[in-house]
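All values below come from the heavy atoms of this structure, side chains included, with hydrogens, waters and symmetry mates left out. First listed ligand is number 1; within each ligand, the first listed atom is number 1.
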Amino acid sequence: MYINNIKLMNYRNYQSLELDFNKKINLIIGSNGQGKTNIVESITLMSIGKSFRTNKDKDLIMFNKDSLYTNCNFSRNGINKSIEVVVTKEKKGIKINGVSVKSLHELLGILNVVVFSPEDLKLVKDGPKERRSFIDKEISQVMPRYYSLLMDYNKTMNQRNILLKSNYIDKNLLDVYDLSLSKYGSEIYVFRNRFIEKLSAISNNLHRNLTLNKENLTIKYKNQLDIDDYSDADLIKELLYQKYKETIDSDLYNRNTKIGPHKDDISIHINDIDVRMFGSQGQQRTASISLKLSEIELIKQEVGDYPVLILDDVFSELDQDRQKMLVEKLGDVQMFVTSADPLHINILKELEYSVFHIENGKVISSENGGL
Ligand SMILES: Nc1ncnc2c1ncn2[C@@H]1O[C@H](COP(=O)(O)OP(=O)(O)O)[C@@H](O)[C@H]1O
Ligand SMILES: [Mg+2]
């Protein structure tokens, strides 16, 4: 899929901006603090209904204004679509093809975007929480049902933890929570297992390419279930329910729930060595790139069209070989590359591209080049 154009009004430091994009590469160049990330951030507002930098929608409204408006026209599987977002201080309104949606849920998966920023280079080195969040975001994009499942699970988990912290423990209520958590939890395990299996195959392939066949990357689902077969959700539900019962004494003592998908992680190995523990920083970063870029192929497999790729300030973190590899390998993917370094245009010379020079919330010049 690709975005044809966007329009921003009172979005951060853009009072009014209209941009026509290249179907291939869009390079957004400017010094720090000029508004490069703001542009790509507005794309994620229209894709996932929020910024990839903050959960506070209000922060996106231009200082001293009451509301913002953004829209984009894009093509998905050859069909033209549009998304509009209005954010006021009180609420957010979203329209798809001119029709208002009732919940954010309906927006997910319409315009698929993969964002790659410097923090993502730490994906392998980071803690389990960051990796779970990576997994959750990805599955939600292609399976909106997963998103609501996760919300239900987290809500019930919070209620259970509140109960565990109270002075009087209502055993019946606890059982109601355990039953719900087992149900939601089992479905989450099945979704995640399916996702990680696919991710594993794709990232292995990508990592071979990135390392000229020297490194064999394997990732595995790490959880508390101790099973190999995830085909029977009912069985997992039963197993999880049993585990809640078995661990109730320690949960009561700790006043917290210690079993469930909220403790999941993935293990990451290169040539059978645990990269998190023993990998070099370079290996950890390359493995992070492989994992992150696998999303692109995965989304293509799930929805039939490539997502749009945003590389926010990440290009300069890569060496020239990797920069080249990236743009060549992703020839069919529409890219938005932000950078303070205009020299990056050199890498893209043989490809089709547009450059936008940004200064203080304005596009001061733009040019097209390449093929
Ligand atoms: N709500 C807002 N209203 C107006 N300007 C904003 C708002 N939020 C951020 N800015 C401005 O946006 C600029 C930062 O934009 P950003 O896209 O992050 O820059 P960069 O080019 O470094 O990626 C800063 O100048 C900041 O003052
Ligand atoms: Mg930036």
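- Looking at L318 and I289, their side chains come closer than 4.5 Å, going by heavy atoms from C-beta outward.
- From the protein, the heavy atom lying nearest to atom 12 (O) of ligand 1 is N38 ND2, 3.2 Å.
- For NZ of K245, the number of neighbouring non-hydrogen atoms (other residues, nucleotides, ligands) closer than 6.0 Å is greater than 12.
- The shortest contact between atom 4 (C) of ligand 1 and any protein heavy atom is with R12 O, 3.2 Å.
- Taking backbone and side chain together, N32 holds no N, O or S atom under 2.8 Å from the Mg ion (ligand 2).
- At the shortest separation from atom 11 (C) of ligand 1 among protein heavy atoms lies N13 CB, 4.0 Å.
- Here the side chains of T218 and I268 are not in contact, with every heavy-atom distance at 4.5 Å or above.
- Listed by atom number, the atoms of ligand 1 under 4.0 Å from G35 heavy atoms are 15 (O), 16 (P), 17 (O), 19 (O), 20 (P), 21 (O).
- Against a heavy-atom cut-off of under 4.0 Å, N32 is close to the following atoms of ligand 1: 22 (O).
- Environment of NZ in K89: crowded, with over 12 heavy atoms of neighbouring residues, nucleotides or ligands closer than 6.0 Å.
- Distances below 4.0 Å separate heavy atoms of I61 from the following atoms of ligand 1: 1 (N), 2 (C), 3 (N).
- Near T37, the atoms of ligand 1 lying under 4.0 angstrom from a non-hydrogen atom of the residue are 17 (O), 18 (O), 20 (P), 23 (O).
- Within a 6.0 Å radius of NZ in K362, other residues, nucleotides and ligands contribute 12 heavy atoms or fewer.
- Judged by the 6.0 Å distance and 45° axis criteria, K81 is not positioned over the aromatic ring of F74.
- Residue contact check: S31 has heavy atoms under 4.0 Å from atoms 21 (O) of ligand 1.
- Of all heavy-atom pairs spanning Q141 and I299, the tightest one is OE1-CD1, 4.1 Å.
- Open room surrounds CG on D272; 12 or fewer heavy atoms of other groups in view lie less than 6.0 Å from it.
- At least one heavy atom of G33 lies less than 4.0 angstrom from ligand 1.
- Scanning the protein for heavy atoms near atom 2 (C) of ligand 1, the closest one is F63 CE2, 3.3 Å.
- Counting only heavy atoms, the protein gets under 4.0 Å from atom 9 (C) of ligand 1.
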*Criterion side-chain hydrogen bond (donor to acceptor under 3.5 Å, both in side chains) on R76 and N112, from CA distance to verdict*: CA-CA 9 Å; R76 177 190 166 105; N112 295 106; 3.1 Å; yes
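- In summary, the atoms of ligand 1 found under 4.0 Å from a heavy atom of D59, numbered by their order in the structure, are 1 (N).
- Numbered from 1 in the order shown, with element, the atoms of ligand 1 that lie under 4.0 Å from a heavy atom of R53 read 18 (O).
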